[in-house]
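The block underneath contains the structure these notes are about, expressed in structure tokens.
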Amino acid sequence: MITFEQVKNNHDIRVYIQKADEALIALGYTEHSFPHMTKVSRDARDILLTLGYPEREAELAQIAGYLHDIGNVVNRIDHAQSGAIMAFRLLDRMGASAEDLAVIISAIGNHDESTAFPVNPVAAALILADKSDVRRSRVRNNDFASFDIHDRVNYAVKESSAAISEDKKAFVLNITIDTAISAVMDYFEIFLSRMILCRRAAEKLGLHFRLIINGQVVL
């Protein structure tokens with residue numbers, strides 16, 4: 001039975017994550033390297049543990065979260081499906097069981113909003129963890145004058161938190177945006193499909209999805 005630590009410390013996996021992020025740097029994307037992978041893997045695990053799912057299922061979410069963007073090394077287009085195939089090959093060589101592999105690759109293959117659906121709890125947790133990672137530190141463009149809308153919206157986020165409510169009835173994404181940098185409507189222009197996907201993922205886990213921007217409940 002493979003563990004998250006084995007995956008995290010695997011040399012080949014680390015190389016693919018690094019090279020995938022280098023490809024996205026060339027394309028002008030925000031950070032998709034180890035900080036993002038680590039945060040998504042941790043948050044996906046914590047979501048399931050908070051809701052009382054078994055520790056092993058939470059660890060599978062952690063593994064899927066760490067590997068979810070590895071397919072960007074092939075191409076940004078259809079990277080979820082490419083990543084699922086790569087993850088299958090890597091984890092199969094490490095001795096993962098068919099049962100664990102099926103859960104992990106279905107979660108990875110269903111995390112991108114263009115084709116995603118929360119097909120199981122691990123996929124739902126991965127979606128919520130991935131799509132809620134909005135923060136200024138992911139912007140790598142140092143030239144403010146050349147910011148595109150993705151740079152501007154992420155850079156405008158002064159504070160961001162995502163957590164399950166105390167009553168365990170809602171997943172709450174709370175964002176503070178500097179409207180002098182980006183209008184709230186800009187956020188919806190690029191993230192509306194992601195927020196709809198988050199709502200579906202939350203529902204898969206028996207939760208409501210709440211989005212709060214600058215103190216106002218908008219979803």
Side-chain angles (χ1 to χ4, degrees), residues 29-53 57-58 61-62 64-66 68-69 80 107 110-114 116-118 120-141 144 147-219:
Y29 278 79
T30 53
E31 181 266 317
H32 284 71
S33 189
F34 295 105
H36 176 61
M37 301 300 183
T38 300
K39 185 178 189 306
V40 171
S41 65
R42 181 188 65 238
D43 291 352
R45 176 202 65 193
D46 290 349
I47 287 168
L48 294 188
L49 288 178
T50 300
L51 294 174
Y53 283 84
E57 197 163 7
Q62 190 177 19
Y66 197 74
H68 77 282
D69 272 341
N110 278 282
H111 85 271
D112 185 65
E113 57 268 20
S114 61
F117 193 83
N120 55 46
V122 169
L126 171 56
I127 288 168
L128 290 172
D130 181 36
K131 306 313 174 190
S132 62
D133 187 17
V134 184
R135 49 188 164 84
R136 177 171 291 187
S137 59
R138 293 191 70 186
V139 178
R140 293 186 282 211
N141 184 357
F144 189 84
F147 274 12
D148 64 12
I149 189 171
H150 291 84
D151 291 331
R152 191 167 67 251
V153 168
N154 278 279
Y155 193 81
V157 175
K158 298 194 294 184
E159 295 179 8
S160 176
S161 64
I164 295 172
S165 60
E166 289 187 8
D167 61 7
K168 298 183 181 180
K169 291 183 178 181
F171 182 86
V172 183
L173 176 57
N174 195 334
I175 299 174
T176 301
I177 293 177
D178 184 344
T179 55
I181 298 175
S182 175
V184 172
M185 284 305 297
D186 287 345
Y187 178 90
F188 280 103
E189 181 178 341
I190 64 171
F191 287 140
L192 181 58
S193 61
R194 301 183 192 183
M195 297 302 96
I196 292 173
L197 181 57
C198 282
R199 184 167 62 187
R200 291 175 181 160
E203 290 171 352
K204 179 68 176 181
L205 298 173
L207 303 169
H208 299 290
F209 176 69
R210 288 216 314 263
L211 174 62
I212 301 173
I213 299 180
N214 292 354
Q216 301 295 314
V217 178
V218 294
L219 279 178

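For clarity, every value in this text was computed on a predicted model and none was experimentally measured.
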Open item on the list: I'd like to know whether R136 forms a side-chain contact (heavy atoms from CB on, under 4.5 Å) with I181, so could you lay out the CA-CA distance, the side-chain angles of the two residues, the decisive distance to 0.1 Å, and finally the verdict.
Closed with: CA-CA 12 Å; R136 177 171 291 187; I181 298 175; 3.8 Å; yes

Open item on the list: Please evaluate residues F188 and L211 with respect to the criterion side-chain contact (heavy atoms from CB on, under 4.5 Å), reporting the C-alpha separation (whole Å), side-chain torsions for both, the decisive distance (0.1 Å), and the verdict.
Closed with: CA-CA 11 Å; F188 280 103; L211 174 62; 4.1 Å; yes

- [ ] Could you please spell out the steps behind the side-chain contact (heavy atoms from CB on, under 4.5 Å) verdict for R199 and E203?
- [x] CA-CA 6 Å; R199 184 167 62 187; E203 290 171 352; 3.7 Å; yes

Open item on the list: Determine whether Y53 and V122 satisfy the following criterion, side-chain contact (heavy atoms from CB on, under 4.5 Å), listing intermediate values before the conclusion.
Closed with: CA-CA 10 Å; Y53 283 84; V122 169; over 6 Å; no

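Taking CE of M195 as the start and OG of S132 as the end, the distance is 7.5 Å to the nearest 0.5 Å. For the atom pair CE (M37) and CG (D130), the distance works out to 8.5 Å, reported to the nearest 0.5 Å. Here the OG-CG distance, from S160 to L173, works out to 5.0 Å after rounding to the nearest 0.5 Å. Within the model, atoms CD1 of I149 and CG of N154 stand 10.5 Å from one another, a figure rounded to the nearest 0.5 Å. The CD atom of E57 sits 10.5 Å away from atom CG of L51, with the distance rounded to the nearest 0.5 Å. Here the CG-CG distance, from L126 to N110, works out to 9.5 Å after rounding to the nearest 0.5 Å.
Counting only residues at least two apart or on different chains, the ring pair (Phe, Tyr, Trp, His ring centres under 6.0 Å) pairs with a member in residues 189-210 are Y187-F191.
More than 12 heavy atoms of other residues, nucleotides or ligands sit less than 6.0 Å from atom CZ of R140. Heavy-atom contacts from other residues, nucleotides or ligands closer than 6.0 Å to CZ of R138 number more than 12.
Formation of a donor-acceptor pair under 3.5 Å by the Q216 side chain with backbone atoms of V218 is not found in this model. Side-chain atoms of E31 come within 3.5 Å of backbone atoms of H36 as a donor-acceptor pair (strictly under, hydrogens ignored). Judged by distance alone, the side chain of S182 and the main-chain N or O of T179 form no donor-acceptor pair under 3.5 Å. N214 places a side-chain N or O within donor-acceptor distance of the main-chain N or O of I177, the cut-off being under 3.5 Å. Proximity of a side-chain donor or acceptor of H32 to a complementary backbone N or O of T30 within less than 3.5 Å is detected. Distance alone, capped at 3.5 Å, places no donor-acceptor pair between the T38 side chain and the P35 backbone.
With respect to I175, the side-chain contact (heavy atoms from CB on, under 4.5 Å) criterion is satisfied by exactly one of V153, V184, V157: V157. With R135 as the partner, the side-chain contact (heavy atoms from CB on, under 4.5 Å) test is satisfied by one option alone out of K39, E159, K158: K39.
Closest approach of A123 and P118 over heavy atoms only: CB-CA, 4.2 Å. The minimum heavy-atom distance linking I47 with F171 is given by the pair CD1-CE1, 3.8 Å. Counting all heavy atoms, side chain and backbone alike, S193 lies closest to E113 at OG-CG, 3.7 Å. Contact record, Y155 with V139: N-CG2, 3.6 Å, taken as the closest heavy-atom pair. Smallest separation of non-hydrogen atoms from A129 and V40: CB-O, 3.5 Å. V172 and S165 make their closest contact through CG2-CB, 4.5 Å (heavy atoms, listed as atom of the first residue, atom of the second, distance).
With 3.5 Å as the limit, one finds a donor-acceptor pair spanning the side chains of H111 and D69.
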